[in-house]
Asks: 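Take this structure, written in structure tokens, and hold onto it; I'll ask about it next.
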Amino acid sequence: MRYFTVSLPFFLALSVNVEAVPIEPRAPNGFVNKGLVAFGLIPARAKDSTGDTLGGFGSAIAIKRGTFKKTKEGTFVGSIIAQPDRGYNVEGTVDWQTRQHEIDFVLTPYTGSTPLSFSDAKKTLELTYKKTLLYTERQNKKPTGLDALDYRPATGSDPELPIPSKTKDNLSLDAEGLVLNNDGR
């Protein structure tokens, strides 16, 4: 079985041997990361609600506003919004609709000193896929991951916009960043 890992600052890592190393405050302006506290993964074969594989999440991840909470048991729960990029593009780009995924998490920081088995390490950050939001532009037109080789002329309130060609004038996007509004979108 093949897996890909999701990398969140202070949440995850690509290691199986999890050792206790707490985060300690450092005066006057920050923290020193003393090591790994959790590990989580989503299987590489996992599919989103559109039937596509979930893809890599290296382009952008954010905690959904209002979801991050500490429980009485000392775990942390919440949701992340993960925005994959347009995918494999070494030999050209693909006509892929930009999207974001919502993934719930339960973080149980490990502070022990004994290395964990892979199975036990996975329990320190449990990830559960919830749903996918497909991006659209005006009139529900689908953006594309194809390279922008042309532009759409400015119209009304829109400036010139990147498109693959005059015959395919869908907005070309390679989404590499994410900002969530107050409504979490």
Asks: Using the rule side-chain contact (heavy atoms from CB on, under 4.5 Å), only one of Ile81, Ile42, Thr132 pairs with His101; which is it?
Replies: Thr132

Asks: State plainly whether the residues Arg99 and Asp48 are in salt-bridge range, i.e. N to O under 4.0 Å.
Replies: yes

Asks: In Å and rounded to the nearest 0.5 Å, what is the CZ to CG distance from Phe39 to Leu125?
Replies: 9.0 Å

Asks: Output yes when Lys64 and Glu102 qualify as a salt bridge under the 4.0 Å nitrogen-oxygen rule, no when they do not.
Replies: yes

Asks: Set out, in order, the CA-CA distance, both residues' side-chain angles and the distance that settles side chain to side chain contact (heavy atoms under 4.5 Å, CB included) for Leu116 and Tyr110, then state yes or no.
Replies: CA-CA 9 Å; Leu116 296 176; Tyr110 179 70; 3.6 Å; yes

Asks: Contact between Leu161 and Pro159 at the side-chain level, heavy atoms closer than 4.5 Å - yes or no?
Replies: yes

Asks: May I ask you to say whether Arg152 pairs ionically with Asp158, meaning some side-chain N is under 4.0 Å from a carboxylate O?
Replies: no

Asks: Nearest 0.5 angstrom please: Glu160 CD to Asp150 CG, how far?
Replies: 10.0 Å

Asks: With distance as the sole criterion, is a donor-acceptor pair present between the side chains of Gln100 and Tyr135 under 3.5 Å?
Replies: yes

Asks: With a 3.5 Å distance limit and no angle check, can you tell me whether Thr67 reaches the backbone of Gly78 through a side-chain donor-acceptor pair?
Replies: no

Asks: Closest heavy-atom contact between Thr98 and Ala175?
Replies: CG2-CB, 3.6 Å

Asks: Whether the Ser119 and Ser117 side chains hold a donor-acceptor pair (N or O, under 3.5 Å, no angle test) is what I'd like checked.
Replies: no

Asks: Output yes when Lys168 and Asp95 qualify as a salt bridge under the 4.0 Å nitrogen-oxygen rule, no when they do not.
Replies: yes

Asks: Taking C-beta and beyond as the side chain, do Leu134 and Lys142 meet within less than 4.5 Å on heavy atoms?
Replies: no

Asks: For the residue pair Glu73 and Thr75, confirm or rule out a side-chain donor-acceptor distance under 3.5 Å.
Replies: no

Asks: Is there side-chain contact between Lys141 and Thr136, with at least one heavy-atom pair below 4.5 Å?
Replies: no

Asks: Quick check for you: to the nearest 0.5 Å, what is the distance between Glu176 atom CD and Gln83 atom CD?
Replies: 8.0 Å

Asks: Is Ile63 reachable from Leu127 through a run of hydrophobic residues whose side-chain heavy atoms are each under 4.5 Å from the next?
Replies: yes

Asks: Nearest 0.5 Å, what's the OG1-CD distance between Thr144 and Gln97?
Replies: 9.5 Å

Asks: Any chance you could measure Ile80, atom CD1, to Ile103, atom CD1, to the nearest 0.5 Å?
Replies: 4.5 Å

Asks: Any link between Leu173 and Leu133 through a network of hydrophobic side chains (Ile, Leu, Val, Met, Phe, Trp, Tyr) touching at under 4.5 Å?
Replies: no

Asks: Strictly by salt bridge (Lys or Arg N to Asp or Glu O under 4.0 Å), give each pair with a member in residues 103-120 just once, sequence neighbours left out.
Replies: Asp104-Lys130, Asp120-Lys123

Asks: Pro109: which residues meet the side-chain contact (heavy atoms from CB on, under 4.5 Å) condition with it, sequence neighbours left out?
Replies: Val37, Phe76, Leu107

Asks: Are the side chain of Ser172 and the backbone of Leu146 linked by a donor-acceptor contact shorter than 3.5 Å?
Replies: yes

Asks: May I ask you to decide if Gly66's main-chain N or O and Lys69's side chain share a donor-acceptor pair within less than 3.5 Å?
Replies: yes

Asks: For Trp96 and Asp52: C-alpha separation, side-chain torsions, deciding distance, then whether side chain to side chain contact (heavy atoms under 4.5 Å, CB included) applies.
Replies: CA-CA 10 Å; Trp96 186 80; Asp52 288 335; 4.2 Å; yes

Asks: Is a side-chain donor or acceptor of Tyr129 paired with a backbone partner of Ser49 at a separation under 3.5 angstrom?
Replies: yes

